[in-house]
Amino acid sequence: MNTGSDGPGEVAVAADKAKADRKEAGREAGREDGSGLGSRAPEFIKARRLLHLSWQVGVFVVGLAVVVTGVIMLPLPGPGWVVIFGGMAIWATEFVWAQLVLRWTKRKVTEAARRALDPKVRRRTITLTGVGLVIVAALVGVYVWRFGVVMPWKIKDQ
């Protein structure tokens, strides 16, 4: 098969050059190996150790406040899980461990969504929901037949 080159090592050189270009693009974006892990702080902050440390403390405190707010929202009305994941995203701008947790979470959510959209799973879910509704309706019917409908307040007294 002819690749358009007469030299034997030209294809390998092109592949190495493409790999080097990707690494260079990663360095320009603030990532050493191009994988996306690590601090996304501006360069002038990363250049000074004390400033970078205070930047990390600030990011941690803001992320912690958002995560704690999300945890408080879990039993209360509000988008608790969305706020918790928002706090994790804030942490992921600075900490590798948070980036890895966020990647794992995204992967698991994507897998769950894919499984939930599977036609067999959807049919099973719809069938179980229907059976559950029939059982609940039967129990309510038996209760009303046995005890009748009694309001806990007296409307005639008002």
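No experiment lies behind these values; they were computed from the predicted model shown.
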Could you tell me which non-hydrogen atom of [X] sits nearest to which non-hydrogen atom of [Y], and how far apart they are?
{"X": "Val59", "Y": "Phe95", "answer": "CG1-CE1, 4.3 Å"}
{"X": "Ala92", "Y": "Leu102", "answer": "CB-CD2, 3.8 Å"}
{"X": "Leu117", "Y": "Arg122", "answer": "O-CD, 3.8 Å"}

May I ask you to check whether over 12 heavy atoms, not counting those of Trp97, lie within 6.0 Å of atom CH2?
yes
Would you call Trp91 and Val66 a side-chain contact if the rule is heavy atoms closer than 4.5 Å?
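No, side chains not in contact.
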Check: Met88 and Val101 side chains under 4.5 Å, non-hydrogen atoms
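Of all side-chain heavy-atom pairs linking Met88 with Val101, at least one is under 4.5 Å.
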Let me check something: do [X] and [Y] share a hydrophobic cluster, defined by ILVMFWY side-chain heavy atoms less than 4.5 Å apart, either directly or through other members?
{"X": "Trp145", "Y": "Val149", "answer": "no"}
{"X": "Leu64", "Y": "Ile90", "answer": "yes"}
{"X": "Val82", "Y": "Trp104", "answer": "no"}
{"X": "Leu76", "Y": "Val68", "answer": "yes"}
{"X": "Ile72", "Y": "Val83", "answer": "yes"}

CZ on Arg103 to OG1 on Thr105, rounded to 0.5 Å
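The CZ atom of Arg103 is 12.0 Å from OG1 of Thr105, to the nearest 0.5 Å.
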As an exercise, state the distance from CG of Leu74 to OG1 of Thr69, rounded to the nearest 0.5 Å.
11.0 Å
Would you sort out whether Glu111 and Arg107 count as a side-chain contact (heavy atoms from CB on, under 4.5 Å), showing the intermediate values?
CA-CA 6 Å; Glu111 289 173 7; Arg107 190 172 58 248; 3.7 Å; yes
Glu94 side chain to Gln56 main-chain N or O, any donor-acceptor pair under 3.5 Å?
no
